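Taking it in order: structure first as structure tokens, then the write-up.
This structure is a prediction, so every number in the text was calculated from the model and none was measured.
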Amino acid sequence: WVIAAVLLLELGVCVGIYNNTTSLYMIPVTQELGVSRGNVSLAYSARNLCNFLSTLFSGILLVKFGYRRLASTALLVSAGAYVILGSAQNVWTLALACAIIGLSDGFYFIAAASRMVNIWFHTHQGLILGLVAAATGLGGSLLSLILSHRIEAVGWRGSYYLSAILIAATAFLIFLFIRNHPSSMGLLPYGSGNHHGKKPKKETRDHWYGYEPKDVFRKPTFYLAII
């Protein structure tokens with residue numbers, strides 16, 4: 001349950017910032033940089049495009065490097081990109097920072113966190129995933145209030161810097177508390193313990209089930225999903 005709590009905190013903070021706070025910056029950024037809302041919106045759109053691309057390959061890299069290392073590194077990269085956002089002097093810098101955020105976020109978003117739930121929990125998976133989804137909305141709502149007050153108090157740059165600090169702190173928690181597999185701590189997944197005197201089965205689920213990437217790219221349904 002410590003794993004679940006850290007994942008909830010991570011997604012509540014980081015996905016909440018990603019999904020729920022963009023609109024807070026639109027007016028102050030356009031006014032200070034002297035650019036149109038359309039240009040700023042295009043810059044922010046680079047984040048969503050790059051997030052889509054990184055999510056495509058997150059499964060492969062998560063299996064190879066593990067969630068702990070990959071997510072904590074991606075969060076630190078994302079935190080650095082928010083520092084770049086806070087220092088931006090033109091729309092191109094905004095676009096670059098947003099692209100970096102998008103590329104890094106695919107490695108700790110809900111799809112990646114769901115894999116950790118699948119590995120650590122054999123029961124209550126639906127409950128945990130439901131709480132994870134709820135955490136993103138609740139975290140986004142709370143952070144919208146906090147960061148809006150921050151923008152009013154110190155400006156949009158200071159708000160981006162605060163976001164960077166929160167994300168970097170989350171990366172530290174991920175590295176400190178998350179483990180890629182229960183077996184690394186001598187444990188079994190929650191819900192797979194010894195019941196009624198039966199010897200528990202050895203846990204072997206260390207990867208995602210489904211199609212290989214080379215097979216996915218050949219399927220028309222994949223491109224329909226993109227559209």
Between the CG atom in L85 and the CD1 atom in I100, the distance rounded to the nearest 0.5 Å is 9.0 Å
Are L24 and L166 in one and the same hydrophobic cluster, where Ile, Leu, Val, Met, Phe, Trp and Tyr link if side-chain heavy atoms are under 4.5 Å apart? yes
Side chain to side chain contact (heavy atoms under 4.5 Å, CB included) with A168: which residues, sequence neighbours excluded? L76, A79
Separation of F175 CZ from R69 CZ (nearest 0.5 Å): 8.5 Å
Which pair of heavy atoms, one from V154 and one from G158, lies closest together, and at what distance? CG2-CA, 3.9 Å
Between V77 and L49, is there a shared hydrophobic cluster once you connect ILVMFWY residues whose side-chain heavy atoms come closer than 4.5 Å? no
Are side-chain heavy atoms of L33 and N39 found at a separation under 4.5 Å? no
Mind checking the CG-CD1 spacing from L162 to I17? Nearest 0.5 Å is all I need. 7.5 Å
Hphob cluster co-occupancy, V35 + Y44, side-chain heavy atoms under 4.5 angstrom: yes
Supply the atom-to-atom distance I84 CD1 to L96 CG, rounded to the nearest 0.5 angstrom. 6.0 Å
Crowded around L145 CG? As in, over 12 foreign heavy atoms under 6.0 Å? yes
Partner of L103 by side chain to side chain contact (heavy atoms under 4.5 Å, CB included), out of C50, S78, C98: C50
Testing the basics here: between Y82 and S163, what is the closest heavy-atom pair and its distance to 0.1 Å? CD2-CB, 4.0 Å
Grab the two heavy atoms, one from S41 and one from M26, that are nearest each other, plus how far apart they are. OG-CE, 3.6 Å
So, do Y160 and Y25 have ring centers that fall under 6.0 Å from each other? yes
Please check this pair: side chain of S54 against backbone of D105, looking for a donor-acceptor N/O pair closer than 3.5 Å. no
Report yes or no: do L94 and Y161 belong to one cluster of Ile/Leu/Val/Met/Phe/Trp/Tyr joined by side chain heavy-atom distances under 4.5 Å? no
Mind checking the CD1-OH spacing from I174 to Y67? Nearest 0.5 Å is all I need. 5.0 Å
Any Q89 side-chain heavy atom under 4.5 Å of T93 side chain: no
Can you get from L138 to I167 by hopping between Ile, Leu, Val, Met, Phe, Trp and Tyr side chains that sit under 4.5 Å apart? no
One should read off an interatomic distance between K64 NZ and L70 CG, to the nearest 0.5 angstrom, of 11.0 Å
Partner set under side chain to side chain contact (heavy atoms under 4.5 Å, CB included) for N48, not counting sequence neighbours: Y18
